[in-house]
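Lettering of chains follows the sequences in order, A, B, ..., and the numbering in each one begins at 1.
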Amino acid sequence: MDKNLTIHWFRQDLRIADNPSLYFAARQGSVITLYIVDKQQPAMGRASEVWLHYSLKKLNRALKHKLMVCQGEPLQILTDLIKQYPVTHIHWNRCYQPWQIKRDQKIKLQLAKQGVQVKSFNASLLWEPWGVLKKDQRPYRVFTAFYKHAFSKAEIPRKSLACPPDLENYQLPLTTKIDDLNLLPKSNWYRQLISHWQPGERAAQSLLDDFLNSKLYNYKTGRDFPAFDFVSRLSPYLHFGEISPHQIWWETTSLNSSDNSQHFLSELAWREFSYYLLYHYPDIINQNLQPKFDHFPWRQNRSQLLRWQQGQTGIPIIDAGMRELWQTGYMHNRVRMISASFLVKNLRIHWQQGAAWFWDCLFDADLANNTLSWQWVAGCGADAAPYFRIFNPVLQGQKFDPEGDYIYRYVGELSKLPVKYIFAPWEAPAEVLQNAGVVLGESYPKPMVDLKQSRQEALSAYKNLTFEEDKPQ
DNA sequence: TGAAATGTTGGGGCG
DNA sequence: ACGCCCCAACATTTC
């Protein structure tokens, strides 16, 4: 009997449900499920490695302990497997980081020469980046235009696929253990970090259910308040493919079409837009999408960067955010914008240094989203915030954390300071500070920069930028 | 997915 | 009764 044997190569699709590559592999015969730690790949962030470890464990369990893991060079590993086993097909779901695209093209070509059928599928984007273009065949650079086109003119996202029935998972001898991949760091800091999370497909499903049942109804306004849990927190799961955007899309649209669900879908579309831009402009990892920013006078300042990273800026809402990141591998989106704006505008430190820190600390660290979001805040991205849009962290706190709940949660030094002064402790009368047991500069830092002055400096730096561009050459 | 500066309006206190 | 001032509240402009 000539039965098919397919290798399904897991990458950023660590799920069984709605996994096209796995689904079609299972339908045509037995399957080898494989995960490779690619030693050639750019370094993952440290938090991401921790997540990956636990996610692989969960996946392996769901596959009845038949997930093969190894590390090395994918082409070599796949070639060896073809030689040893009667492999007829190799499947994977597409990845979209520039290095992945390059790698996969090469591998596909080489494997085809060896007589196996190689197929790739779409598992992580609602719209393929090459499928959405302006009339002049160039990519969109404005979100709303992109979204309108994708939403109304592009192909409707496919519906979720079922779990593959009766996976005949081919057992391979001699597999590396997940523990051998050394994804966990030597020290124990990660235990506290991961304790806030439950990686894996099943947890993603229940987060989605929970979100659609009880949080979505207040999403549009609730999503701006970092103290409250009105966001989905699905971002890490989306990054690792523990849930598909297709499933989220269809479950949300079939629920209702309120403002809230529309808004949630548009956030999902921002993710698409980031992937889209990264596909069309792969240089934006290291380069400003708008070249006029190439000569922007960024400041190089290690000690200021460090204070920002450690949540010791002396501005409570920012410190709260940076500490949330450090302690939980996550930061609420509203606070990401505030703290990023502070780094890039008030401190005028290069967005790439902020992006690098987030990359290392976030469980949802994602090249497309992280890069594009930082460029957006810095003003050098597509459809970016105008240069003069500078967040005032005091006002933002008053507006979006009016009771100070979020700040109190992460900035314990100020726990006795009344709400009235929690957003700007330096403005509190000496007596109030004393009663709260706060000594500015000792128990809690003084603000590291003057907000008003640094705002002015940023404005004039950014303004020069536009003048330079307007000058005739 | 901002904030500050500036302009306008309208109600109430008060001579 | 009336005009004047003050100022909060809102609107518009500017960076």
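Chain A approaches DNA chain B over the interval B/dT1 to B/dA4, counting the first and last nucleotide 5' to 3' with an atom under 4.0 Å from its heavy atoms.
Residues that satisfy the salt bridge (Lys or Arg N to Asp or Glu O under 4.0 Å) test with A/Arg141, not counting sequence neighbours, are absent from this structure. A/Gln205 meets the side-chain hydrogen bond (donor to acceptor under 3.5 Å, both in side chains) test with A/Gln247; sequence neighbours excluded. Among residues two or more places apart in sequence or in another chain, the ring pair (Phe, Tyr, Trp, His ring centres under 6.0 Å) test is passed with A/Tyr275 by none. With sequence neighbours left out, the ring pair (Phe, Tyr, Trp, His ring centres under 6.0 Å) criterion links A/Phe151 to A/Tyr147, A/Trp249. Applying the salt bridge (Lys or Arg N to Asp or Glu O under 4.0 Å) test to A/Lys57 and every residue at least two apart in sequence or in another chain returns A/Asp179. The ring pair (Phe, Tyr, Trp, His ring centres under 6.0 Å) check on A/Tyr96 picks up nothing, with sequence neighbours excluded.
Protein atom CZ of A/Arg455 is 7 Å distant from nucleotide atom C1' of C/dC15, rounded to whole Å.
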I'd like a table of donor-acceptor pairs (distance under 3.5 Å, sequence neighbours excluded) in which one partner is a side-chain atom from residues 344-351 of chain A, with atom names and distances.
unit_1	atom_1	unit_2	atom_2	d
A/Lys345	NZ	A/Val377	O	3.3
A/Lys345	NZ	A/Arg389	O	3.1
A/Asn346	ND2	A/Ser454	OG	2.9
A/Arg348	NH1	A/Pro297	O	3.2
A/His350	ND1	A/Gln352	N	3.0
A/Trp351	NE1	A/Asn288	OD1	2.9

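Annotation: the terminal axes of the helix from B/dG2-C/dC15 to B/dG15-C/dC2 meet at 10°, where each axis is the rotation carrying the C1' atoms of four end pairs onto the next four (5 pairs per end, rounded to 10°).
The ring-ring contact (aromatic ring centres under 6.0 Å, His included) pairs that include a residue from residues 408-445 of chain A are A/Tyr406-A/Tyr410, where partners are two or more places apart or lie in different chains. Among residue pairs with one or both ends in residues 397-416 of chain A, those qualifying as salt bridge (charged side-chain N to carboxylate O under 4.0 Å, His left out) are A/Arg323-A/Glu413; sequence neighbours excluded.
Using a distance-only test at 3.5 Å, with no hydrogens or angles considered, no donor-acceptor pair links the side chain of A/Asp360 to the main chain of A/Gly45.
DNA chain B lies under 4.0 Å from at least one heavy atom of each of the following residues of residues 388-401 of chain A: A/Phe388, A/Arg389, A/Ile390, A/Phe391, A/Asn392, A/Leu395, A/Gln396, A/Lys399.
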